Amino acid sequence: MNSQLKYIYSLLILMLWLLISPIGFLQAAENDKGVSSNYVAHQILVRFTAETPEGRKNEIRQAVNAELIKIVKSIRVELWQLPDDLTTDETMDYLHSLPEVEYVEPNFLYKQQALPNDPLFGKLWFLHNTGQLVNGLVGAAGADISAPAAWQIETGNRNMVIAVIDSGVAFDHPDLINNIWINTGEIPGNQFDDDDNGYVDDIHGWDFVNNDNNPSDYSTDLYGNGHGTHVAGIIAAEGNNNLGICGVMWHAQIMPLQIFDIYQKNSFYDNLIKLSNILDAIEYAVDNGARIINCSFGSHSYSQFQYDIIAYAHQHGVLVVCAAGNDGTDTDVNFHYPSCYNLPNIISVAATDETDNLASYSNFGIESVDIAAPGGSGIRGNIYSTVPPERITLFYDDFESMPHDKWLTSGLYENWSVGYNSYWGSYLQDSSGNYHENENSTVWTRNPIDAANCRGLFFEYEINYELETGYDFLNTEISLDGTSYFPIKEYTGFSNGWLTQMFWCNETDLGLFYLRFHLKTDYLYNYDGAMIDSVKVTAIPWVFTGNEYDFKSGTSMAAPVVSGIAGLVWSLNPSLTHLEVKSCLMDSVDQVDSLAGLIKTGGRVNAVSALGAVSGGLECSGPLVKVNNQNYYLLQNAYDNLADGDTMKVVASIFAESLVFDREVAAVVSGGYNCDFSGRTGMKSVLDGSLMVKKGVVEIDGLLIK
């Protein structure tokens, strides 16, 4: 059957339903889809007052028939599952009326902040911008974070733990593998919680979506395209290893924490992230030693519980770096969370493009957004970083092409066959009419599907079924030997039209396996049975070839730039508090005209300036001069490009060179480090404020600027 026609047909039905049902949309979405527009249906988060006894808590849960799923102990938050006949809003209204309930709110859903990309080869302009062409876009020289000069001072260290709360991280990536956090308190593979942190064998973090110890990023080419891995590479792809790229930090420990699963995508909601997963992940990061948490996701839903868990991070000295969002709006008015929470440990990050302008998609706010960082163009992605290997198709059949020889079939009364409808096209069906009593029919792949060395195995097909509810069943099954099958998906009842089914086996490596559809009925009511179309199996061959890099843009990409700079600052001086690290970043930005009046600092982060703001942590090396937004490594070159009234900012210390002053220019000179000048000979000058440079030739050996 033609998938596009079916999609149009389904869309028309949806539009008609909306037109005749002007009220109750959220309620219907909650009942039918399992999620509302911005929260998980039939789930709430509750905090009782500290004085409420356990017996009373149980009474309140029982009053609404709620199941207690889990507790976030650090902030006393409980996650409840509600019965299907009770809506989230009804339950919240009831609980709000109880004096024992301090807070209650939905299990909100959040989105990643990445934008679509057009992958091409390119360079890391956000680290060092010379005006080069990157993915079809020409940058402006100096529109970067001055990374090369910063690396002369600090490249990071392995004691700095940065949590990436995202889609997971492909921690086997050759450019990341040496910079992935290892939980030394766990003994790998012994199925025991050695460090007593509540998580078994959490060697490299945790997957809070599938509740397992494998937070790998298997989202490539299913809309997510390796979001978490891309973020991790921006922060700390290993540097100076003759391989691929480098991150802002060359050395660090990335803690992968998976909170969204790209396979939860459907026609209404994109890449939704449960609030409860965010709470768990932040608590895990804080309790397991992360000093920086990168949050490249967001929503417009305020959550008291999310506020509280970030406040918990603040209490433990953890810096939380948040993407400001990609709506292109003023978040002083249209709040975006978590970036807009009024907490001192949050840094809210807007995005600039390759020309140092505020990116067209980036949110802004003079009160709610702290700083900006390179996040890429709004035209196409041009921030280059690591991604997982490319997803490939292992099997596909839309039943349109002859011969139909990819399947074998059997049945007691009637075998499966290929049917045809002039509107839908060809499809696989269990019977030509209604199925038979006591039917037991199967259809399976003629040849095994080869998934050896593959991760993130993903099944997708379209299905239309009418089965006696609770008595007649259709199972999707797999077998490793072609004889013994086990079910992975079961259907009964009525689908009410065609549905797109998507589900996956997380990290399972099945090797060679057979796929089967199995219809089994009883002796009473017989219906039309099942129709199946567009069967597709994809996976990621988990073998790295050296080409696992890609382009993206978004405030999701700007936030990890800031996380990386914060990591450099903390690596240089580990004794700093998290608020002092934040101050170093905020006080050292490059003032950018396009940001003036739009964000709190009016500037874009500068790594070398942030390191320079660290008191007592610098050696007198690595000279750098900036005239307006252009970097120079020689005073002569800076002078040659000065015009009257220009600002010359010196962010290094000692220069030794011959200067030829062939013209007079009035400039403002400022900046620099307070370095020990003992032992140097020659002319010594301290420059700060207005300077008139006169004509002549001056030999300089040890010009100290501070």
Side-chain angles (χ1 to χ4, degrees), residues 40 45 69-75 77 79 107 109-110 112 161-173 176-177 179-219 224 226-229 231-232 235-236 252-264 271-297 305-306 309-310 312-313 316 318 320 338 388 455-456 504-508 542 563:
V40 181
L45 291 140
I69 299 176
K70 61 184 174 183
I71 300 175
V72 183
K73 294 180 181 179
S74 60
I75 57 173
V77 174
L79 174 62
N107 192 3
L109 293 162
Y110 293 75
Q112 55 173 330
V161 180
I162 302 177
V164 173
I165 298 182
D166 215 284
S167 65
V169 175
F171 46 80
D172 300 320
H173 195 294
L176 294 172
I177 192 168
N179 282 347
I180 297 297
W181 177 70
I182 299 174
N183 183 359
T184 56
E186 284 289 319
I187 300 173
N190 69 349
Q191 302 299 308
F192 186 76
D193 183 11
D194 300 287
D195 59 0
D196 197 30
N197 70 347
Y199 299 89
V200 175
D201 287 343
D202 53 323
I203 304 301
H204 296 304
W206 197 258
D207 176 357
F208 293 96
V209 178
N210 302 289
N211 195 31
D212 62 41
N213 68 339
N214 184 17
S216 290
D217 186 358
Y218 300 143
S219 64
H227 187 266
T229 303
V231 167
I235 297 172
Q253 289 191 66
I254 296 295
M255 178 189 287
L257 299 174
Q258 184 173 345
I259 59 164
F260 73 86
D261 183 342
I262 211 65
Y263 309 111
Q264 294 176 334
N271 309 339
L272 299 180
I273 306 167
K274 295 179 181 178
L275 171 59
S276 55
N277 291 340
I278 296 172
L279 301 182
D280 285 337
I282 294 177
E283 180 182 58
Y284 182 100
V286 173
D287 292 348
N288 289 277
R291 303 199 73 181
I292 300 167
I293 298 175
N294 189 91
C295 297
S296 288
F297 54 84
F305 297 135
Q306 191 177 53
I309 200 68
I310 298 176
Y312 175 72
H316 288 77
V318 177
V320 180
R455 307 277 186 93
W504 67 306
C505 297
N506 184 0
E507 66 271 15
T508 304
W542 211 245
S563 293

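Quick note: residue numbers are just sequence positions, from 1. Here the structure is a predicted model, which means the values were calculated and not measured.
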Quick check for you: to the nearest 0.5 Å, what is the distance between Ile187 atom CD1 and Phe192 atom CZ? 9.0 Å
Could you walk me through whether Leu45 and Leu279 pass the side chain to side chain contact (heavy atoms under 4.5 Å, CB included) test, one step at a time? CA-CA 10 Å; Leu45 291 140; Leu279 301 182; 3.9 Å; yes
Examine distances only and state if a side-chain atom of Asp202 and a backbone atom of Asn213 form a donor-acceptor pair shorter than 3.5 Å. no
Atom CD1 of Ile310 and atom CD of Glu283: how far apart are they, to the nearest 0.5 Å? 13.5 Å
Expected output: side-chain Ser167 to main-chain Gly228 donor-acceptor under 3.5 Å: yes
Quick check: does any side chain N or O of Asn179 sit under 3.5 Å from a backbone N or O of Ala236, one acting as donor and the other as acceptor? yes
Please report the C-alpha distance between Asp195 and Asp193 in whole Å, then the side-chain angles of each, then the deciding distance to 0.1 Å, and finally whether the side chain to side chain contact (heavy atoms under 4.5 Å, CB included) criterion is met. CA-CA 6 Å; Asp195 59 0; Asp193 183 11; 2.8 Å; yes
Would a 4.5 Å heavy-atom cut-off, applied to side chains only, mark Asn183 and Tyr199 as touching? no
Do Asp201 and Gln191 have side chains that approach each other closer than 4.5 Å (heavy atoms only, starting at C-beta)? yes
Tyr284 and Trp206: ring-ring contact (aromatic ring centres under 6.0 Å, His included), yes or no, with the steps? CA-CA 9 Å; Tyr284 182 100; Trp206 197 258; 7.4 Å; no
Separation between CG (Asp172) and CG (Asp217), nearest 0.5 Å, reads 11.5 Å
Rounded to the nearest 0.5 Å, what separation is found between the CD1 atom of Ile282 and the SG atom of Cys295? 5.0 Å
Worked verdict on Ile278 versus Ile259 for side chain to side chain contact (heavy atoms under 4.5 Å, CB included): CA-CA 6 Å; Ile278 296 172; Ile259 59 164; 3.8 Å; yes
For Gly185, is there any backbone N or O sitting under 3.5 Å from a side-chain donor or acceptor partner on Asp194? no
Taking the side chain as every heavy atom from C-beta outward, state whether Val320 and Pro338 have any atom pair closer than 4.5 Å. no
Separation between CG of Asp166 and CD1 of Ile254, rounded to the nearest 0.5 Å: 11.0 Å
Aromatic ring centroids of Phe171 and Trp181 under 6.0 Å? no
Quick one, Ser276 and Lys70 - any side-chain contact, counting heavy atoms below 4.5 Å? yes
Walk me through whether Ile293 and Ile165 qualify under side chain to side chain contact (heavy atoms under 4.5 Å, CB included). CA-CA 7 Å; Ile293 298 175; Ile165 298 182; 3.4 Å; yes
Any heavy-atom pair between the side chains of Val72 and Phe305 that's under 4.5 Å? no
Within-4.5 Å side-chain heavy-atom neighbours: Asn210 and Gln258: yes
Any side-chain heavy-atom pair of Leu257 and Phe208 under 4.5 Å: yes
Side chain proximity check, Met255 to Ile162, heavy atoms < 4.5 angstrom: no
